[in-house]
Colleague: 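Can you keep this structure in mind? I'll have questions shortly.
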2 protein chains.
Amino acid sequence: MAGNWAPVKRTRTFEEVLARIEQRIVEDGLRVGDRLPGERQLAEQLQVGRSSVREALRVLETLGVVSSSAGRGPDAGAVLTSRPGTALTDLLRLHLGLAGLELSEIIETRLMIERFAASRAAALRADTSALDLALAAMDAARDAAEFVEHDIAFHCAIADASGNRLIGVIMRSIRDSVRPHAVAAVERLGVGSARLRAEHQLIRDAIASGDAAAAATAVSEHLAHTYDLEL
Amino acid sequence: MAGNWAPVKRTRTFEEVLARIEQRIVEDGLRVGDRLPGERQLAEQLQVGRSSVREALRVLETLGVVSSSAGRGPDAGAVLTSRPGTALTDLLRLHLGLAGLELSEIIETRLMIERFAASRAAALRADTSALDLALAAMDAARDAAEFVEHDIAFHCAIADASGNRLIGVIMRSIRDSVRPHAVAAVERLGVGSARLRAEHQLIRDAIASGDAAAAATAVSEHLAHTYDLEL
DNA sequence: ACCACAGTATGGTCTGACCATATGGCAGGC
DNA sequence: GCCTGCCATATGGTCAGACCATACTGTGGT
């Protein structure tokens, strides 16, 4: 008996295709908006079946790297895009549904992100017009679902104001994946809740005044109240 | 001319299959380790072609929800898993390579996460044996690649010690996706860098002593030094 | 100029076949 | 009785070809 043998790597065809496409994207310096060769052409070039090419493209589409559409124009076919958000949303939703993750872990992660984002936004003296718009829309909302729409916009605007796009992407995905829980929370508190309104205003004012510590504190208290958890 | 028409939603067959499979998983209360029907059986039940079923399963596999393997046993076929990490790693790597995200944004996000995780680990008085093991392995490393392996283990152990699995998943994915940059940074600083060693020890000791503030500070200084950025 | 229609390139889907792999079970030898 | 080796079978992996739906492109008629 010799030593440990490395397990035989069985590489599926579509994985090889995936690597070749990725390699080609990097080598050719393709950018968002550029178009990949057609499925039939790729299959012929790589000497594989069209279905293998399709599965590779499906993976890239799932990861938000390409977007496919039929037709004939220059925008048809597989076009390079950059939509990490949709993939991340599906990722969280599925792994939340399959009991792999607890809701409390996602909420805690959101708290971490939003404290950071609010602090950074305050430190940067970020523009608060997007926040004010969302606040006004929340005031006008007639039901919980509509309220939550603008609540998500409010909190994502804070994440965007951090100046870090990855933070914004993660925040949007988290909010989209826990949307039903947010609606339930708002229905429990009441759509016109004065306390909710005051907490949002407090966060907005802290950012506008450039007080990073106050912004972080306001976010913590808002989330603790909304989801009924201790810090 | 009437008002705005909602665009016709062209739902591709495999997306419908995807929804049905997800619905079935939830309704049947399937858990990790359970097996889905075979591709041919699913195709017949849903009255679609096998290729549509395959594309749906490919999406689920990409998102780390199922794992497919051939053969005949009870573990063959599409089995439910929970590996959000691989999907997240691919997601970050591709969107980093395709110029959608800047490295600095990922590093900043890592700083946010690791400050949080170290603080929480210290507050929880987490066990530091995994950290000590990684430290010893780093001391014994002979080259930068080997060093980075254990460096990743060290920092992921901190994330795990936060008690939040999502934090651990995100940390692993970030570290895996920026591994080449970490190797370059270690080569620049030197594998046997005393300063690197001291910074790691400082983080470990702060967590062991339960000093959350000191742990966060130590993490910040470590990352600022490693990646040569200002806080 | 403009418009209508045929041509065509493209993704989306289905079918059937075959290959590769891994298990289950049976037959034969010890 | 037990082990060994081979065959049957179930499953994913791949390919080829066909057809459909879609959306642009060019052409010819008005």
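In what follows, chains are A, B, ... by sequence order, proteins preceding strands, each numbered from 1. Basis for what follows: all heavy atoms, side chains included, without hydrogens, waters or symmetry-related copies.
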Colleague: From CD of B:Q41 over to C1' of D:dA10, roughly how many Å is that when rounded to an integer?
Modeller: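 Roughly 11 Å, once rounded to whole Å.
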
Colleague: Measure CZ/B:F14 against C1'/C:dG12 and give the value in whole Å, please.
Modeller: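 Atom CZ in B:F14 sits about 10 Å away from atom C1' in C:dG12.
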
Colleague: Looking at B:R93, I'd like to know if its CZ atom is crowded, meaning that more than 12 non-hydrogen atoms belonging to other residues, nucleotides or ligands lie closer than 6.0 Å.
Modeller: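 Yes.
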
Colleague: B:E39 CD to D:dT11 P: how many Å, rounded?
Modeller: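 It works out to 10 Å between those atoms.
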
Colleague: Near DNA chain C, counting only heavy atoms under 4.0 Å, which residues of residues 59-68 of chain A show up?
Modeller: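 Per residue number, the list is empty: none.
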
Colleague: Please list all pairs meeting ring pair (Phe, Tyr, Trp, His ring centres under 6.0 Å) that have one or both residues in residues 151-174 of chain B, counting only residues at least two apart or in different chains.
Modeller: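 Every pair satisfying ring pair (Phe, Tyr, Trp, His ring centres under 6.0 Å) with a residue in residues 151-174 of chain B: B:F154-B:H200, B:H155-B:H200, B:H155-B:H222.
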
Colleague: If you find the nucleotide of DNA chain D closest to B:S69 and the one closest to A:G71, which residue's nucleotide is nearer the 5' end?
Modeller: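 Nearest nucleotide further toward 5': that of B:S69.
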
Colleague: Can you list, in residue-number order, the parts of residues 42-58 of chain A that come under 4.0 Å of DNA chain C, counting heavy atoms only?
Modeller: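 Output list: A:R50, A:R54, A:R58.
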
Colleague: Can you measure B:E15 atom CD to C:dG12 atom P for me and round it to whole angstrom units?
Modeller: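 So the CD-P distance, B:E15 to C:dG12, works out to 9 Å.
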
Colleague: Without decimals, in angstroms, what is the distance between A:R12 CZ and D:dT11 P?
Modeller: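 The distance from CZ of A:R12 to P of D:dT11 comes to 18 Å, rounded to the nearest Å.
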
Colleague: Which residue pairs satisfy the salt bridge (Lys or Arg N to Asp or Glu O under 4.0 Å) criterion with at least one member in residues 45-68 of chain B, sequence neighbours excluded?
Modeller: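 Applying salt bridge (Lys or Arg N to Asp or Glu O under 4.0 Å) to every pair that reaches into residues 45-68 of chain B, excluding sequence neighbours, yields A:R12-B:E61, A:R54-B:E55, A:E55-B:R54, A:E55-B:R58, A:R58-B:E55, B:E39-B:R50, B:E39-B:R54, B:R58-B:E61.
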
Colleague: State plainly whether the residues A:D160 and A:R172 are in salt-bridge range, i.e. N to O under 4.0 Å.
Modeller: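 A:R172 and A:D160: salt-bridged.
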
Colleague: Can you list the residues that meet the side-chain contact (heavy atoms from CB on, under 4.5 Å) rule with B:R24, with sequence neighbours excluded?
Modeller: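 Per chain and number, B:R24 pairs via side-chain contact (heavy atoms from CB on, under 4.5 Å) with B:D28, B:P37, B:Q45.
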
Colleague: May I have all residue pairs that pass salt bridge (Lys or Arg N to Asp or Glu O under 4.0 Å) and include part of residues 132-141 of chain B, sequence neighbours excluded?
Modeller: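 Only B:D132-B:R204, B:D139-B:R197 qualify under salt bridge (Lys or Arg N to Asp or Glu O under 4.0 Å).
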
Colleague: Whether B:D34 and B:R31 form a salt bridge (side-chain N of Lys/Arg under 4.0 Å from carboxylate O of Asp/Glu) is what I want to check.
Modeller: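 Between B:D34 and B:R31 there is no salt bridge, as every charged N stays at least 4.0 Å from the carboxylate O atoms.
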
Colleague: Can you sort out the partners of A:E146 under side chain to side chain donor-acceptor pair (under 3.5 Å), two or more places apart, ordered by chain and number?
Modeller: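 Side chain to side chain donor-acceptor pair (under 3.5 Å) list for A:E146, sorted by chain: A:R142.
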
Colleague: Suppose we screen for side-chain contact (heavy atoms from CB on, under 4.5 Å). Which residues come up paired with A:I107, at least two apart in sequence or across chains?
Modeller: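 Once residues adjacent in sequence are excluded, the partners of A:I107 under the side-chain contact (heavy atoms from CB on, under 4.5 Å) criterion are A:L103, A:Y227, A:L229.
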
Colleague: Quick one: side-chain contact (heavy atoms from CB on, under 4.5 Å) partners of A:V32, sequence neighbours excluded?
Modeller: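 Applying side-chain contact (heavy atoms from CB on, under 4.5 Å) to A:V32 gives A:S82.
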
Colleague: By nearest atom, which of the nucleotides C:dT10, C:dC18, D:dT14 is closest to the A:T13 side chain?
Modeller: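 Nearest to the side chain of A:T13 among the choices is D:dT14.
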
Colleague: Where along residues 74-85 of chain B does a heavy atom come under 4.0 Å from DNA chain D, residue by residue in number order?
Modeller: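 Contacting residues: B:G77, B:A78.
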
Colleague: State the CG-CG distance between B:L92 and B:D176, to the nearest 0.5 angstrom.
Modeller: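 Nearest 0.5 Å value for the CG-CG distance: 10.0 Å.
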
Colleague: So which protein N/O to nucleotides 5-7 of chain C N/O distances come out below 3.5 Å?
Modeller:
residue, atom, partner, partner atom, Å
C:dG7, N2, A:R72, NH1, 3.1

Colleague: So A:M112 and B:I167, do their side chains get closer than 4.5 Å, heavy atoms only?
Modeller: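 Sidechains of A:M112 and B:I167: in contact.
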
Colleague: Looking at residues at least two apart in the chain, or sitting in another chain, which of them share a side-chain contact (heavy atoms from CB on, under 4.5 Å) with B:D127?
Modeller: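 With sequence neighbours excluded, B:D127 shows a side-chain contact (heavy atoms from CB on, under 4.5 Å) to B:S129, given in chain and number order.
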
Colleague: Atom CG of A:L18 and atom C1' of D:dG13: how far apart are they, to the nearest Å?
Modeller: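 Value for this atom pair: 16 Å.
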
